[in-house]
Amino acid sequence: MLQITRIKQDKLNVINGLKKKRFPEAEKEIERVLALDQQRRETQTSLDNLLAESNQMARKIGQLIKEGKSSEAEEAKTKTSDLKRQSKDLREKLSQLENQLNELLLNIPNIPHPDVPQGTDAVDNEIIYQNEVKVDLTEGALPHWELVKKYDIIDFELGNKITGAGFPVYKNKGARIQRALVNFFLDQALEAGYQEIQPPVLINQESGLGTGQLPDKEGQMYQLKEENYYLIPTAEVPVTNIYRDSIIDKKNLPIKNVAYSLCFRREAGSWGSHVRGLNRLHQFDKVEIVQIHTPENSYLGFHEMCEYVKGLLQQLELPFREVRLCGGDLGFTSTITHDMEVYAAAQDKWLEVSSVSNFETYQAHRLKLRYRTEDKKTRLLHTLNGSALALPRVLAALLENNQSEKGVKIPKVLIPYAGFEWIE
RNA sequence: AGAGGGUUGGCGGAGUGGUCGAACGCGGCGGUCUUGAAAACCGUUGUCCUUCACGGGACCGGGGGUUCGAAUCCCUCACCCUCUGCCA
């Protein structure tokens, strides 16, 4: 959520930023916010004055009763009834204004960083890095959805039977390679100084609001109506919400957390014939990294995270590129996002396996996540997160790129984790 | 799931209608003392809104109500604890 003070002080840049993000009617919405805020403050002032008067009267009445002057007290009581009615009205008006303002702000996205390129969709994204790894596919190479059948390691039909589309069953070396990937990713993160967290996979509404999945992505999350809980779409939500409503001691910064979790996404509307096999699932495994920084340091953290993720892909010997998302493709809550895409050779597609973002104060404002400055003031922190990594597409690329007549070769770093060198 | 008890500041813990934003203890911060530290002693110590400022206002789990006045009374929701039930 954007801060009103920022909108006031930096209106033009905010509007331009929203336009870059292709937010419709930016000027109009911002003017509405400012007008509502003006009204809100005026109402608050009148209410405060009224309450101040009431408080004074109440104190006076108490005094009179103590002194035994009951008739004077009664007289004063009748006077206050009018104040009471007025303050009740104002209170209602104020909370209405606050709700309206909140509603409006909740639906205004974050402002992109100046480095974010203009553009409307993925076509306008900027490729800022691509590594040197090349793939030599043998004749008759298969896409991963064929390979998993051939080696009997992932069963999509079985998943359909048990649950439905997008809930695959991992079997044999398929299950073991999953476990290997998770452990490899977690160990790497620990080595890089991340603290490991195992969060709940169900979250309440407040947590969803805190990181901005609500109200923006309500339809994308599975919901437990009975309890009003949501299945997490990413560990970002529970992990970042650990720090909701807190003032962090500066000496504990930066915070670096890593969490492995299952992720659940309805992917409503985005299911189609072009998404096959592991390319898009309703349930998948992901290791997520989260960092919390002071505003001064958050871009150091951002770049560190990008480099870290690239290091993982390099170790897995996968061809990948780093893509800076353009304004139109940028997520609702993000200031800047770099996607890491691996090349899956058999289907000849780049697959997103990680998304590293800096949210600056956008989440922190909703989360009330602050730290104390030298002069003892509280100030919003910056939150960041990234996948490190999401498993299915990494696996898809590994299978497709490393296949040969002999089978699928496991990358060196994973062999100690997997306990085998080939899927055959 | 049923019955009962509870939720107060960073923590512990008073407070059951009238200067209570809240005693007291611990912790934190500043100081005195000390070569330094500890101990002792003195002072200080919540968040948010509003105002250029003085100041004003809100917050004692969340929401609502009673009252001139609520941390204190009532309703409701959430959570925690104990016992019973169920269960990996």
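First the proteins, then the strands, lettered A, B, ... as listed; each starts at 1.
- Across the C1' atoms, B:rC49 and B:rC86 are found 48 Å apart, a figure rounded to whole Å.
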Throw together a table of side-chain donor-acceptor distances under 3.5 angstrom for residues 223-233 of chain A, partners on residues two or more places apart or in other chains.
unit_1, atom_1, unit_2, atom_2, d
A:Q223, OE1, A:K225, NZ, 3.2
A:Q223, NE2, A:N228, OD1, 3.3
A:Q223, NE2, A:Y230, OH, 3.3
A:N228, ND2, A:Q205, OE1, 3.2
A:Y230, OH, A:E218, OE2, 2.8

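- Protein atom CD of A:E206 is 13 Å distant from nucleotide atom C1' of B:rC77, rounded to whole Å.
- With a cut-off of 3.5 Å on both Watson-Crick or G-U wobble distances, the partner of B:rG12 is given as B:rC24.
- For B:rG61 and B:rG6, the C1' atoms lie 11 Å apart once the distance is rounded to whole Å.
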Each nucleotide of nucleotides 44-52 of chain B classed B (base within 4.0 Å of a protein heavy atom), S (only sugar-phosphate) or -, in 5' to 3' order, makes ---SSSSS-

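- Counting to the nearest Å, the P atom of B:rA58 and the CG atom of A:L50 are 11 Å from each other.
- Remark: A:K173 is not positioned above the aromatic ring of A:Y151, lacking an NZ or CZ atom under 6.0 angstrom from the ring centre and at most 45 degrees off the axis.
- Among pairs with a residue in residues 158-171 of chain A, those fulfilling salt bridge (charged side-chain N to carboxylate O under 4.0 Å, His left out) read A:D152-A:K171, A:D155-A:K171, at least two apart in sequence or across chains.
- As the counterpart of B:rA70, no nucleotide is assigned, since no Watson-Crick or G-U wobble pattern has both distances under 3.5 Å.
- Look at B:rA58: its Watson-Crick or wobble partner, with both distances under 3.5 angstrom, is B:rU47.
- Within the structure, every pair that satisfies the salt bridge (charged side-chain N to carboxylate O under 4.0 Å, His left out) test and touches residues 13-30 of chain A, not counting sequence neighbours, is listed here: A:K19-A:E27, A:E25-A:K28, A:E29-A:R32.
- Mapping A:R91 and A:K88 onto RNA chain B by nearest heavy atom places A:R91 at the nucleotide closer to the 5' end.
- Rounded to whole Å, the separation between the P atoms of B:rU8 and B:rC73 comes to 15 Å.
- Counting to the nearest Å, the P atom of B:rG62 and the CD atom of A:Q205 are 18 Å from each other.
- Between the P atoms of B:rC41 and B:rC24, the separation comes to 15 Å (whole Å).
- One can place CG of A:D245 at 14 Å from C1' of B:rG10, the figure rounded to the nearest angstrom.
- Applying the salt bridge (charged side-chain N to carboxylate O under 4.0 Å, His left out) test to residues at least two apart or on different chains, the pairs with a partner in residues 231-245 of chain A are A:E206-A:R244.
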Report, one line per pair, each donor and acceptor closer than 3.5 Å where one atom sits in a side chain of residues 252-262 of chain A; sequence neighbours left out.
unit_1, atom_1, unit_2, atom_2, d
A:K256, NZ, A:A192, O, 2.9
A:K256, NZ, A:E304, OE2, 3.0
A:N257, OD1, A:Y243, OH, 2.5
A:N257, ND2, A:Q195, OE1, 3.3
A:Y260, OH, A:D285, OD2, 2.5

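- If you measure from atom CG of A:N99 to atom P of B:rG64, you get 10 Å, rounded to the nearest angstrom.
- As rounded to the nearest Å, B:rG9 and B:rU84 have P atoms that lie 31 Å from one another.
- One atom, CG of A:N252, and another, P of B:rG28, lie 15 Å apart when rounded to the nearest Å.
- For the pair A:I248 CD1 and B:rG10 P, the interatomic distance rounds to 13 Å; values are reported in whole Å.
- Backbone-only engagement by A:N55 is indicated by non-hydrogen atom pairs under 4.0 Å involving sugar-phosphate atoms exclusively.
- B:rA71 and B:rC20 have their P atoms separated by 12 Å, given to the nearest Å.
- Using P as the reference atom, B:rA22 and B:rG56 are 13 Å apart when rounded to the nearest Å.
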Please list each protein N or O that sits under 3.5 Å from an N or O in nucleotides 68-73 of chain B, with the distance.
unit_1, atom_1, unit_2, atom_2, d
B:rC68, O4', A:T80, OG1, 3.4

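- Of all nucleotides present, only B:rA3 satisfies the Watson-Crick or G-U wobble test against B:rU82, with each distance under 3.5 Å.
- Residue A:F264 is tested with A:M221, A:Q220, A:Q283, A:H282 for a side-chain contact (heavy atoms from CB on, under 4.5 Å); the sole match is A:Q283.
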Scan the side chains in residues 305-314 of chain A for donor-acceptor partners under 3.5 Å anywhere in the protein, sequence neighbours excluded, and list what turns up.
unit_1, atom_1, unit_2, atom_2, d
A:E307, OE2, A:K310, NZ, 3.0
A:Y308, OH, A:A189, N, 2.9
A:K310, NZ, A:E322, OE1, 2.7

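- Taking atom P on both nucleotides, B:rG36 is separated from B:rC11 by 35 Å, rounded to a whole Å.
- When rounded to the nearest whole Å, the span between CG of A:L64 and P of B:rU19 equals 15 Å.
- With a 3.5 Å ceiling on both atom-pair distances, B:rA38 lacks any Watson-Crick or G-U wobble partner.
- The local environment of CD in A:Q56 is sparse, with at most 12 non-hydrogen atoms from other residues, nucleotides or ligands closer than 6.0 Å.
- Salt-bridge check for A:R280 with A:E352: failed, with every basic side-chain N at 4.0 Å or more from each acidic carboxylate O.
- Within the structure, the side chain to side chain donor-acceptor pair (under 3.5 Å) test picks out no pair touching residues 93-103 of chain A (sequence neighbours left out).
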